[in-house]
Amino acid sequence: DSYVADYTDPRPLNILMIGNSFSWDAADFWYDMQTSMTYDAMKSMMAAPYDVHLAVMYKGSATLAYHATCAMKNTSAYTYTEIGPETNYRWMPSSGTNATNNIWDQLEARDWDIIVIQSYQHEADGTEPRSTYTGGDARFTEPEASMGYLLDYFAEHEPNAAVYYYMPWATTKFYGSDTETGYHAMAKYTETTVPNLTGTNSGKSFAGIIPVGTGIQNARTTDGLHI
């Protein structure tokens with residue numbers, strides 16, 4: 001399935017990404033284009049066929065358990081940055097250091113059309129250890145539980161948003177020199193498990209998968225955490 005925008009809608013297409021530095025890597029691609037393009041070209045790209053407002057909430061090394069726990073406890077622990085017509089097509093804050101944001105506040109800030117949640121590598125390959133972090137709620141030790149909770153959370157607080165799953169890429173941090181094996185484990189988990197996940201209470205499922213890991217694997221010429 002894919003999101004189909006209403007081209008007659010005068011407001012921007014609002015996209016919110018929630019993840020760790022891998023999400024910022026993906027969003028920063030826009031910044032890289034911005035710095036290599038003229039302002040008019042950047043504006044033209046983001047405004048055609050409709051304006052796009054892209055926002056990123058991220059925390060370094062955060063897992064799905066982290067995001068689910070922060071949503072449940074309404075914890076303010078994210079860096080937030082955005083780009084679009086309201087920021088004159090420039091990343092604001094430009095340094096991305098506003099680390100006092102919580103998910104609830106950002107969901108209330110505007111009507112989001114698309115929400116993207118990103119898993120971490122060891123959560124996305126179906127192997128142990130799974131999803132955890134110091135201070136995380138015990139119910140989120142499995143990534144499926146974290147994703148189920150987040151799907152319910154978005155169904156309640158942003159019911160019209162389409163939620164997408166961001167598949168990360170394999171790095172030497174977790175897989176040593178064998179990133180190929182790590183990638184195939186992630187691809188299998190993403191293909192066989194993620195599409196069948198739903199919110200426990202809402203029944204909401206993912207609208208689709210963004211296979212960033214596949215794109216990286218096909219194009220990579222080196223290894224490393226951030227390539």
Side-chain angles (χ1 to χ4, degrees), residues 1 16-26 57-78 102-104 107 114-159 161-176 178-214 216-217 225:
D1 295 336
L16 175 65
M17 299 179 68
I18 302 173
N20 56 38
S21 57
F22 283 23
S23 287
W24 173 242
D25 285 343
M57 298 184 70
Y58 66 100
K59 174 74 172 179
S61 300
T63 62
L64 289 166
Y66 180 90
H67 305 310
T69 299
C70 285
M72 183 182 67
K73 296 182 178 181
N74 201 29
T75 304
S76 298
Y78 289 90
N102 60 61
I103 295 174
W104 165 256
L107 292 183
I114 295 174
I115 299 173
V116 181
I117 60 171
Q118 176 230 319
S119 65
Y120 204 23
Q121 296 171 84
H122 61 280
E123 298 175 301
D125 63 8
T127 61
E128 300 294 340
R130 305 303 300 281
S131 180
T132 186
Y133 82 101
T134 301
D137 190 276
R139 77 186 71 180
F140 302 133
T141 55
E142 300 293 329
E144 296 81 15
S146 300
M147 286 187 276
Y149 179 86
L150 288 167
L151 286 167
D152 277 342
Y153 187 86
F154 297 137
E156 178 181 359
H157 299 296
E158 199 68 66
V163 182
Y164 284 77
Y165 173 84
Y166 176 132
M167 172 191 167
W169 56 90
T171 74
T172 54
K173 178 178 180 180
F174 286 98
Y175 302 106
D178 194 12
T179 54
E180 182 78 13
T181 296
Y183 161 70
H184 285 295
M186 287 187 191
K188 181 179 179 180
Y189 179 80
T190 301
E191 180 180 359
T192 61
T193 301
V194 174
N196 298 315
L197 294 174
T198 61
T200 303
N201 299 317
S202 66
K204 188 178 184 70
S205 59
F206 286 105
I209 293 167
I210 303 175
V212 179
T214 298
I216 293 292
Q217 190 67 26
L225 185 59

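Values below: all heavy atoms of this structure, side chains included; hydrogens, waters and symmetry mates excluded.
In this structure, the side chains of Ile18 and Ile103 come closer than 4.5 Å at one or more pairs of heavy atoms. Looking at Tyr165 and Thr190, their side chains come closer than 4.5 Å, going by heavy atoms from C-beta outward. Within the 4.5 Å cutoff, no side-chain heavy atoms of Asn20 are placed close to those of Tyr58. By the 4.5 Å heavy-atom criterion applied to side chains, Arg139 and Met72 are counted as neighbours. At a threshold of 4.5 Å between non-hydrogen side-chain atoms, the residues Met17 and Gln118 do not count as touching. No side-chain heavy atom of Thr69 sits under 4.5 Å from any side-chain heavy atom of Thr75. Counting heavy atoms from C-beta outward, Leu16 and Leu107 have side chains that approach closer than 4.5 Å. The closest side-chain heavy-atom distance from Asn74 to Asn102 is below 4.5 Å.
For Tyr183 against Met167, the heavy-atom pair with the smallest separation is CE1-CE, 3.6 Å. Summarising the geometry of Tyr149 relative to Ala68, their closest heavy-atom pair is CE2-O, 3.7 Å, with the distance given to 0.1 Å. When all heavy atoms of Thr171 and Thr179 are compared, the pair lying nearest together is C-CG2, 3.8 Å.
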Thr63 vs Tyr120, side chain to side chain contact (heavy atoms under 4.5 Å, CB included): CA-CA, chis, key distance, verdict: CA-CA 5 Å; Thr63 62; Tyr120 204 23; 4.0 Å; yes
Step by step, would you call Gln217 with Met186 a side chain to side chain contact (heavy atoms under 4.5 Å, CB included)? CA-CA 11 Å; Gln217 190 67 26; Met186 287 187 191; over 6 Å; no
Apply side-chain hydrogen bond (donor to acceptor under 3.5 Å, both in side chains) to Ser61 and Tyr66, showing your working. CA-CA 9 Å; Ser61 300; Tyr66 180 90; over 6 Å; no
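Distance check: Leu150 CG to Leu197 CG gives 11.0 Å after rounding to the nearest 0.5 Å. Taking OG of Ser76 as the reference point, atom CH2 of Trp104 lies at 13.0 Å (rounded to 0.5 Å). Between atom NE2 of residue His157 and atom CD1 of residue Ile115 there is a gap of 10.5 Å, rounded to the nearest 0.5 Å.
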In a table with atom names and distances, give each donor-acceptor pair under 3.5 Å that connects a side chain of residues 199-211 to protein atoms at least two apart or in another chain.
{"unit_1": "Ser202", "atom_1": "OG", "unit_2": "Asp152", "atom_2": "OD1", "d": "2.7"}
{"unit_1": "Ser202", "atom_1": "OG", "unit_2": "Lys204", "atom_2": "N", "d": "3.1"}
{"unit_1": "Lys204", "atom_1": "NZ", "unit_2": "Ala161", "atom_2": "O", "d": "2.9"}

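If you check the side chains of Tyr175 and Thr181, you find no donor sitting under 3.5 Å from an acceptor. Side-chain contact of Thr193 with Glu144: a donor-acceptor pair under 3.5 Å is absent, judged by distance alone.
Here the options are Tyr166, Phe140, Tyr78, the test is ring-ring contact (aromatic ring centres under 6.0 Å, His included), and the partner is His67; only Tyr78 passes.
Using cut-offs of 30° and 60° for the angle between ring planes, the Phe22 and Trp169 rings count as parallel.
Within a 6.0 Å sphere centred on CD of Glu191, other residues, nucleotides and ligands contribute 12 heavy atoms or fewer.
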